[in-house]
K.L.:
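This is the structure I have questions about; it appears just below.
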Amino acid sequence: MTTRTLISPAQLARPRGKVLYWVTFALVVVLFTLVFLGPLYWMVSGGLKTTQEVVQTPPTLVPGSLHAENYSRAWEVMDLARLLFNTLYYAFGALAFQLVLDVAAAYSLSRLRPVFGKAILGMMLATLMIPATVLVVPQYLTVLDVPVFERNLLNSPWAIWLPSVTNAFNIFLLKRFFDSIPKELLDAASMDGASPMRTLRSIVLPISRPILGVVSIFAVVGVWKDFLWPMLTLPDPGKQTLNVGIYSLSTGVPENILIAALTIASVPTLLIFLLFQRNIMSGLTAGGLKG
Amino acid sequence: MSAPTMTTDKVAEPRRSRHRGDVPRPRGGSFAKALRRNLTAHGFLIGAVLCFSFFSWYPMVREFLLAFQKTEGGRTTWAGWSNLTTVFNDPAFWQAWRNTALFTVLALVLGFAVPFLVAVVLNEFRHAQGYLRMLVYLPVMLPPVASVLLFKYLYDPGYGLFNEILGFFGLPAQQWLQDPDTSMLSVVIAATWMNMGGATLIYLAALQGIPGELYEAAELDGAGVLRKIWHVTVPQTRLILSLMLLMQIIATMQVFVEPFLLTGGAGPEGSTTTVVYLIYQYAFNFNNYGAAAALGLVLLVLLAGFSAVYVKLSRAEDE
């Protein structure tokens, strides 16, 4: 099953090789667990400690007494229900916009081949070359006063949803996938008189489930993890996301409450990760580099 | 192909003609069809194109304009090169570039080398690979505010876990984020922990594509582990490595969120002020959009070179 790698199987089969293998393996497993899971354990258990216990030296490994009520207090004090709802609202709104508009655009560019299609795709991909941070200032000014419509999108979810559509990388991934769908399949549909919309719905989308899954996960996680843009465009505390809300409240609450809030904020994306691990990993390696 | 008569014909029906080419069609009908087809195609495109126009393409143009404009009391005037001179004469400018360069170098030493080494080691294991991969990627999924505040506690000079660990090994306690000498390194360590998962998985995928015979051949020549890494693993993954290196440089030179959240942006004695934080300050603390755009332009020019190389290399990989 496993392919040949750096160390030869013969070497591994020898007693010395076996011992060395298991020793390094055990060391790496312990080290990685400590390094990557340790801080998470510290966070979850820290949320159960009393304020004194969180800041005491040396720190305790196991909470002296369990204070699950920290979590409910964090929920109330930091208004996590609202922050959580806001973040979900922005994330799934952005997902809906990206799925509808980006899929339609990629389908058009890949299959309908409009006049200037190549130029439009080129201009979309060109945005990948501009460092994102350079555009934050003019984008912010655009949100303050959208040209033509003369609307101010500050504190409005549109300020998150609409710019999220300008994801050239997603369009590129989707287009490449659509390109790989056999031509005969689509030609047959159009000979049967199916409209482009119908072909998209009944043939292209069902085949494209894996790539749609990957794009969806990245869309939701992208909004969940964003900090600077929501901080700039949603200054109203009632409209903030988890990241911004917790950060702006972080200095005013006791440590244990704050740590409990961090745990709660981390749960949704960690759940997404544990549920869709396979898709995320394959998506990363499928499209991680091409740009 | 025949003489260039009406080009609309060719543009309109490049594919279908293969199936229906033998059916004679009146010219007017074909034009109407082409128009309809294009209208449909552009109908599918319009939403995304509008979003790009307003939130990507227009801001790109605006960035260039802003860099040469001044806005005072709601009136916009042409400012020529004055924004650029303002930026260049700001003492913070050079400090920000020094800090950003330091961050980039440290992030390359840690954030570029560590994931590769981790991937090389993980690739050798025949057990628990899924678990280890999941561990490395776990922090990538945390909201940044959680990882950052977590690290703030771990770095705390009073009760932080890191000093506790140093003490356990008999090493002196550090001030971490509060000391200008260690603040940037502390930010890089946190940033590496937060972000190394993606790179590690990409390297792992690349390593799995190396043909095993190459290692066998190297062994016949008597190569040890290190020589095999140097003469087989590295050359075989060279393209991915160079792409990731460029991507890392482009990403780290734009670093903002980590120092902003960990040290408030400037850090002790301005030791973590990065270029992008300076842009942020110009725009949102001093309301000087012109200077922010001018500095953005400097960054853009610098990174455009790296981007161009990146695109060239990734094209080469595609072929």
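Residue numbers start from 1 in every chain, and the chains themselves are labelled A, B, ... in the order their sequence lines are given, proteins ahead of strands.
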K.L.:
Return the option, out of B:Met60, B:Arg62, B:His127, B:Glu216, with the maximum number of heavy-atom pairs under 4.5 Å with chain A.
P.N.:
B:His127
K.L.:
Please confirm whether the backbone N or O of B:Leu142 pairs with a side-chain atom of A:Thr269, one donor and one acceptor, at under 3.5 Å?
P.N.:
no
K.L.:
Would you say B:Leu132 and A:Val29 make side-chain contact, with heavy atoms under 4.5 Å?
P.N.:
yes
K.L.:
Where the side chain of B:Lys228 meets the backbone of A:Ile7, is there a donor-acceptor pair that is under 3.5 Å apart?
P.N.:
no
K.L.:
So what's closer than 4.5 Å to chain A heavy atoms on B:Glu164: side chain, backbone, both or neither?
P.N.:
side chain
K.L.:
Within the 4.5 Å heavy-atom criterion, are A:Pro131 and B:Ile250 side-chain neighbours or not?
P.N.:
no
K.L.:
Do B:Tyr153 and A:Leu258 touch side chain to side chain, with heavy atoms closer than 4.5 Å?
P.N.:
yes
K.L.:
Please determine, by modelled atom types, if A:Thr33 and B:Tyr131 share a side-chain donor-acceptor pair under 3.5 angstrom.
P.N.:
yes
K.L.:
Just give me the residue among B:Ala206, B:Gly212, B:Pro143 that pairs up with chain A most often, heavy atom to heavy atom, under 4.5 Å.
P.N.:
B:Pro143
K.L.:
Does a side-chain heavy-atom distance below 4.5 Å link B:Phe52 with A:Met123?
P.N.:
no
K.L.:
May I have the step-by-step check of side-chain contact (heavy atoms from CB on, under 4.5 Å) for A:Leu12 and B:Arg126, ending in yes or no?
P.N.:
CA-CA 11 Å; A:Leu12 273 181; B:Arg126 273 125 193 87; 4.0 Å; yes
K.L.:
Given a strict heavy-atom distance threshold of 4.5 Å, which part of A:Gln98 is in contact with chain B: side chain, backbone, both, or neither?
P.N.:
neither
K.L.:
Heavy-atom distance under 4.5 Å to chain B: side chain of A:Trp158, backbone, both or neither?
P.N.:
neither
K.L.:
What part of A:Leu153 is in contact with chain B, defined as an atom under 4.5 angstrom from a non-hydrogen atom: side chain, backbone, both or neither?
P.N.:
side chain
K.L.:
Can you tell which part of B:Glu219 gets under 4.5 Å to a heavy atom of chain A, answering side chain, backbone, both or neither?
P.N.:
side chain
K.L.:
Identify which of A:Leu101, A:Leu112, A:Leu262, A:Thr166 forms the greatest number of heavy-atom pairs closer than 4.5 Å to chain B.
P.N.:
A:Thr166
K.L.:
Please round to the nearest 0.5 Å and tell me the distance separating atom OG of B:Ser147 and atom NZ of A:Lys225.
P.N.:
6.5 Å
K.L.:
I would like to know whether A:Ile120 and B:Leu45 meet side-chain contact (heavy atoms from CB on, under 4.5 Å); could you show each step before the answer?
P.N.:
CA-CA 9 Å; A:Ile120 291 172; B:Leu45 258 180; 3.9 Å; yes
K.L.:
Can you say whether B:Ser56 sits under 4.5 Å from chain A via the side chain, the backbone, both, or neither, judging by heavy atoms?
P.N.:
both
K.L.:
Under a 4.5 Å heavy-atom cutoff, which of A:Trp224, A:Phe32, A:Tyr21 has the most pairs with chain B?
P.N.:
A:Tyr21
K.L.:
Among the options A:Ile259, A:Ile171, A:Val267, A:Val143, pick out the one with the most heavy-atom pairs lying under 4.5 Å from chain B.
P.N.:
A:Ile259
K.L.:
Please classify the contact of B:Leu66 with chain A as side chain, backbone, both or neither, using a heavy-atom distance under 4.5 Å.
P.N.:
side chain
K.L.:
Quick check on the interface: out of A:Pro163, A:Gly117, A:Ser266, A:Gly46, who has the most heavy-atom pairs with chain B under 4.5 Å?
P.N.:
A:Pro163
K.L.:
I need the residue from B:Leu39, B:Asn123, B:Ile279, B:Leu50 with the largest number of non-hydrogen atom pairs under 4.5 Å to chain A.
P.N.:
B:Asn123
K.L.:
Given side-chain contact (heavy atoms from CB on, under 4.5 Å), test B:Phe306 with A:Met129 step by step and report yes or no.
P.N.:
CA-CA 9 Å; B:Phe306 290 115; A:Met129 305 251 302; over 6 Å; no
K.L.:
Tell me which of these, B:Tyr58, B:Phe260, B:Tyr159, B:Phe256, has more heavy-atom pairs under 4.5 Å with chain A than the rest.
P.N.:
B:Tyr159
K.L.:
Among the options A:Leu228, A:Ile246, A:Thr263, pick out the one with the most heavy-atom pairs lying under 4.5 Å from chain B.
P.N.:
A:Leu228
K.L.:
Where does B:Leu138 contact chain A at under 4.5 Å (heavy atoms): side chain, backbone, both or neither?
P.N.:
both
K.L.:
Which bit of B:Tyr282 comes within less than 4.5 Å of chain A, counting heavy atoms only: side chain, backbone, both or neither?
P.N.:
neither
K.L.:
Among the options B:Pro144, B:Ala146, B:Gly158, pick out the one with the most heavy-atom pairs lying under 4.5 Å from chain A.
P.N.:
B:Pro144
K.L.:
So does A:Pro114 get a backbone contact from the side chain of B:Asn38, meaning a donor-acceptor N/O pair under 3.5 Å?
P.N.:
no
K.L.:
Please look at B:Leu122 and chain A and tell me whether the side chain, the backbone, both or neither of the residue comes under 4.5 angstrom of a heavy atom of that chain.
P.N.:
side chain
K.L.:
Under 4.5 Å heavy-atom distance to chain A, tell me which part of B:Leu295 shows up: side chain, backbone, both or neither.
P.N.:
neither
K.L.:
Does B:Trp57, at its CH2 atom, have more than 12 non-hydrogen atoms belonging to other residues, nucleotides or ligands within less than 6.0 Å?
P.N.:
yes
K.L.:
Show your working on side-chain contact (heavy atoms from CB on, under 4.5 Å) between A:Met197 and B:Phe44 and close with a plain yes or no.
P.N.:
CA-CA 9 Å; A:Met197 186 53 118; B:Phe44 274 92; 4.1 Å; yes
K.L.:
Side chain, backbone, both or neither: which part of A:Asp226 has an atom under 4.5 Å from a heavy atom of chain B?
P.N.:
neither
K.L.:
What I'd like to find out is whether the side chain of B:Tyr280 reaches to under 4.5 Å of the side chain of A:Thr133, using heavy atoms alone.
P.N.:
no
K.L.:
Can you tell which of A:Leu270, A:Val148, A:Leu141 has the highest number of heavy-atom pairs within less than 4.5 Å of chain B?
P.N.:
A:Leu141
K.L.:
Given heavy-atom pairs under 4.5 angstrom as the criterion, report whether the side chain, backbone, both or neither of B:Phe284 touches chain A.
P.N.:
side chain
K.L.:
Heavy-atom distance under 4.5 Å to chain B: side chain of A:Gln139, backbone, both or neither?
P.N.:
both
K.L.:
Main chain of B:Leu154, side chain of A:Trp42: is a donor-acceptor contact present, judged purely on distance under 3.5 Å?
P.N.:
no
K.L.:
Select one option (side chain, backbone, both, neither) describing which atoms of A:Ala261 are under 4.5 Å from chain B's heavy atoms.
P.N.:
neither
K.L.:
Assert yes or no for the condition that the ring centre distance of A:Phe149 to B:Phe54 is strictly below 6.0 Å.
P.N.:
yes
K.L.:
Hey, could you give me the OG1/CD distance between A:Thr24 and B:Glu124, rounded to the nearest 0.5 Å?
P.N.:
10.0 Å
K.L.:
Does OH belonging to A:Tyr41 count more than 12 external heavy atoms closer than 6.0 Å?
P.N.:
yes
K.L.:
Going by heavy atoms in the side chains, are B:Tyr137 and A:Gln277 under 4.5 Å from each other?
P.N.:
no
K.L.:
Under a 4.5 Å heavy-atom cut-off, does chain B meet the side chain of A:Phe25, its backbone, both or neither?
P.N.:
both
K.L.:
Taking every heavy-atom pair that is under 4.5 Å apart, which of B:Leu135, B:Leu204, B:Leu207 has the most such pairs with chain A?
P.N.:
B:Leu135
K.L.:
Kindly give the heavy-atom pair with the smallest separation between B:Met141 and A:Val221, and that separation in Å.
P.N.:
CE-CG2, 3.6 Å
K.L.:
Please look at B:Val225 and chain A and tell me whether the side chain, the backbone, both or neither of the residue comes under 4.5 angstrom of a heavy atom of that chain.
P.N.:
both
K.L.:
Measure A:Ser250 against the heavy atoms of chain B and call it side chain, backbone, both or neither at under 4.5 Å.
P.N.:
side chain
K.L.:
Checking A:Val165 against chain B: side chain, backbone, both or neither under 4.5 Å from a heavy atom?
P.N.:
both
K.L.:
Report yes if the side chains of B:Trp193 and A:Pro39 come closer than 4.5 Å at any heavy-atom pair, otherwise no.
P.N.:
yes
K.L.:
Non-hydrogen atoms of chain A under 4.5 Å away: do they reach the side chain of B:Ala293, the backbone, both or neither?
P.N.:
neither
K.L.:
Taking the side chain as every heavy atom from C-beta outward, state whether A:Leu274 and B:Met134 have any pair of such atoms under 4.5 Å apart.
P.N.:
yes
K.L.:
So which part of B:Val136 gets closer than 4.5 Å to some heavy atom of chain A, the side chain, the backbone, both or neither?
P.N.:
both
K.L.:
Taking side chain as everything from C-beta outward and backbone as N, CA, C, O, which of these in B:Val121 sits under 4.5 Å from a heavy atom of chain A? Side chain, backbone, both or neither.
P.N.:
side chain
